[in-house]
> 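After the structure tokens below, expect a handful of questions from me.
What you see is a predicted model, and the numbers here were worked out from it, not measured in a lab.
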Amino acid sequence: MGQPIAIEVRNVSKRYSDDPGQAPALDNVSVDIADNEFFTLLGPSGCGKTTLLRTIAGFEHVSEGQIRLAGEPVNDLPPFKRRVNTVFQSYALFPHMSVAQNIAFGLEMQGLDREQTAQRVNEMLALVQMQHLAKRKPAELSGGQQQRVALARALAPKPKVLLLDEPLSALDLKLRKEMQVELKRVQKEAGITFIFVTHDQEEALTLSDRIAVMSAGKILQIGTPNDIYERPQHRFVAQFIGDINFLPGHLKRGQHNEKLFVPSGMPVEIPCPAQGFDGAAVQLAFRPERSQLVDLEQPHHLRGVIEAVLYVGTATLYQCRLNNDIKVMLRENNEGLNRGRGVGDRVAVHLPPHACLLMEA
């Protein structure tokens, strides 16, 4: 990665039972997370993302493998001896303490004197832009403000890594989006590694420098948001990140490009070599926004009928049943044009070659 490594996870497994028939919570997981990186663990409930976070924090012991922090093994260290802090989904602020006192609590436990503590508290209040609320109690704060206090309290002792376990999930949609911007700003200004757990795909794409997509205790793919969305390496990753359509087909190698023949007989040119797929049954994947509805008169396109039209403000979604009886979802941006398409209309679907992804059948 070219940057110093903050966290190294090597072949880590976590089992809660000796029963060989019970799947491990973590299954031979390895990942390097860089200094000052915003790294997100993304996946559905039960995929192992929170378990991995807890093993890094020291709240769970690993069954196998090793975790290193800044190059030093930490498997046998208790949580309070690891240079990490955690922000939980429930902020767990002390209700009888003011904002400033909550932030100061960890510093006082470390033995900092009053002057050093006051200086650090002021720095944290400025970082989360809450100087004017320093004397308020948690009950007098909004959910977003409480989240900022929890963040400031966790950052105050200057941890090497900050772990965040779905800290925005309790907020309403508008506030959550505002806090995403704030969280990214705070991470960059604080200059430390954030490891963020979420099941929200949009949140992961918005915040992350890199994302690890997890399923059934394994990391399936690690990459930038662009990599994960544009070049998914597994069907699960493609389906979990955004909307996507799949068409079965058969690949035949041409002189310059591969051609995929879908059941309706439509050939689709694949612009890059599809190693390992020659002559194979495959799945053609494409995002709803990358396809185009075109006139029926145009040749060499998929054909079908519109079964549903959904207006979502910035775009219109069309559910189409193709001639091969497969349903696909298509998306068109609304640009002030009323194209007049409705349920029952027959349409053709154009798939630009660059929009097509190949997956194993």
Side-chain angles (χ1 to χ4, degrees), residues 44 201-202 205 225-274 276-361:
Q201 302 95 321
E202 183 179 345
L205 293 171
N226 183 274
D227 289 336
I228 297 293
Y229 188 82
E230 302 289 353
R231 292 172 289 280
Q233 297 170 1
H234 299 263
R235 183 182 175 113
F236 177 88
V237 175
Q239 289 179 302
F240 193 75
I241 302 289
D243 297 319
I244 198 161
N245 300 297
F246 290 95
L247 296 175
H250 196 80
L251 193 69
K252 293 185 178 179
R253 191 176 299 278
Q255 185 175 0
H256 302 292
N257 293 320
E258 283 75 12
K259 284 190 176 181
L260 179 74
F261 294 86
V262 300
S264 65
M266 171 195 163
V268 179
E269 289 192 353
I270 308 299
C272 57
F277 287 112
D278 192 22
V282 293
Q283 294 277 339
L284 174 69
F286 65 96
R287 301 286 184 187
E289 70 274 14
R290 301 294 164 78
S291 57
Q292 300 167 3
L293 288 173
V294 295
D295 294 334
L296 277 170
E297 292 74 17
Q298 296 191 32
H300 308 304
H301 294 101
L302 296 169
R303 283 169 167 72
V305 61
I306 296 175
E307 291 194 329
V309 179
L310 304 174
Y311 176 81
V312 293
T314 58
T316 299
L317 303 179
Y318 298 93
Q319 181 177 285
C320 297
R321 183 185 293 274
L322 303 180
N323 289 350
N324 54 12
D325 211 35
I326 293 175
K327 291 183 179 181
V328 297
M329 188 67 75
L330 313 173
R331 179 186 179 102
E332 282 190 343
N333 288 334
N334 293 327
E335 300 170 346
L337 301 176
N338 183 1
R339 296 179 173 85
R341 297 191 182 101
V343 174
D345 288 352
R346 296 198 61 79
V347 292
V349 180
H350 171 58
L351 299 181
H354 68 270
C356 300
L357 299 168
L358 284 185
M359 301 277 169
E360 291 183 4

> Shortest non-hydrogen contact from Arg290 to Pro352?
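Reported closest heavy-atom pair: O-CD, 3.3 Å.
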
> Which one of Leu302, Val328, Asp345 satisfies the side-chain contact (heavy atoms from CB on, under 4.5 Å) criterion with Cys320?
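Among Leu302, Val328, Asp345, the one that satisfies the side-chain contact (heavy atoms from CB on, under 4.5 Å) with Cys320 is Val328.
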
> If you define the side chain from C-beta out and look only at heavy atoms, does anything of His350 sit under 4.5 Å from Ser291?
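Not in contact.
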
> So, for Pro248 and Gln283, which heavy atoms are closest and what is the spacing to 0.1 Å?
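Smallest heavy-atom distance, with atoms named: N-OE1, 3.8 Å.
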
> With a 4.5 Å limit on heavy-atom distance, are the side chains of Leu357 and Pro232 in contact?
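Yes, at least one pair of side-chain atoms sits under 4.5 Å.
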
> Kindly indicate whether the side chain of Asn334, heavy atoms from C-beta on, has any atom under 4.5 Å from the side chain of Thr314.
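No; the side chains remain at least 4.5 Å from each other.
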
> State, to 0.1 Å, how close Phe240 and Gln201 come at their nearest heavy-atom pair, and which atoms those are.
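Heavy-atom minimum between the residues: O-NE2, 2.6 Å.
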
> Which heavy atom of Cys356 sits nearest a heavy atom of Leu284, and at what distance?
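Cys356 and Leu284 have their closest heavy atoms at CB-CD1, 3.4 Å.
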
> Are Arg346 and Asn323 close enough that some pair of their side-chain heavy atoms sits under 4.5 Å apart?
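The answer is yes; the side chains approach within 4.5 Å.
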
> Starting at CD1 of Ile244, measure out to CZ of Arg235 and round the result to the nearest 0.5 Å.
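Those atoms lie 9.0 Å apart.
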
> Sort out for me which residue in Leu330, Asp243, Val312 forms a side-chain contact (heavy atoms from CB on, under 4.5 Å) with Leu317.
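Running side-chain contact (heavy atoms from CB on, under 4.5 Å) over Leu330, Asp243, Val312 with Leu317 returns exactly one hit, Val312.
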
> Mind checking the CG-NZ spacing from Asn245 to Lys327? Nearest 0.5 Å is all I need.
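Atom-to-atom, Asn245:CG and Lys327:NZ are 12.5 Å apart.
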
> Please name the pair of heavy atoms, one in Met359 and one in Phe246, separated by the smallest distance, quoted to 0.1 Å.
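Closest heavy-atom pair between Met359 and Phe246: CG-CE2, 4.0 Å.
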
> Do other residues, nucleotides or ligands put more than 12 heavy atoms under 6.0 Å from the CD atom of Glu202?
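No, the 6.0 Å shell around CD holds no more than 12 heavy atoms from other groups.
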
> In Å, rounded to the nearest 0.5 Å, how long is the span from CD of Glu289 to CE of Met329?
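Output value for this atom pair is 12.5 Å.
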
> Taking all atoms of both residues into account, what is the closest heavy-atom pair of Leu293 and Arg341, and its distance?
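Of all heavy-atom pairs spanning Leu293 and Arg341, the closest is O-NH2, 3.4 Å.
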
> Are side-chain heavy atoms of Leu247 and Leu322 found at a separation under 4.5 Å?
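Side-chain contact under 4.5 Å: yes.
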
> Give, for atom CD of Gln239 and atom NE2 of His234, the distance between the pair rounded to the nearest 0.5 Å.
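Between Gln239 CD and His234 NE2, I get 13.0 Å after rounding to 0.5 Å.
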
> Would you say the side-chain atoms of Arg287 pair up with the backbone N or O of Tyr229, donor to acceptor, closer than 3.5 Å?
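Yes, because the side chain of Arg287 sits within donor-acceptor range (under 3.5 Å) of the backbone of Tyr229.
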
> Are Asn333 and Arg331 close enough that some pair of their side-chain heavy atoms sits under 4.5 Å apart?
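They are in contact (side-chain heavy atoms under 4.5 Å apart), so the answer is yes.
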
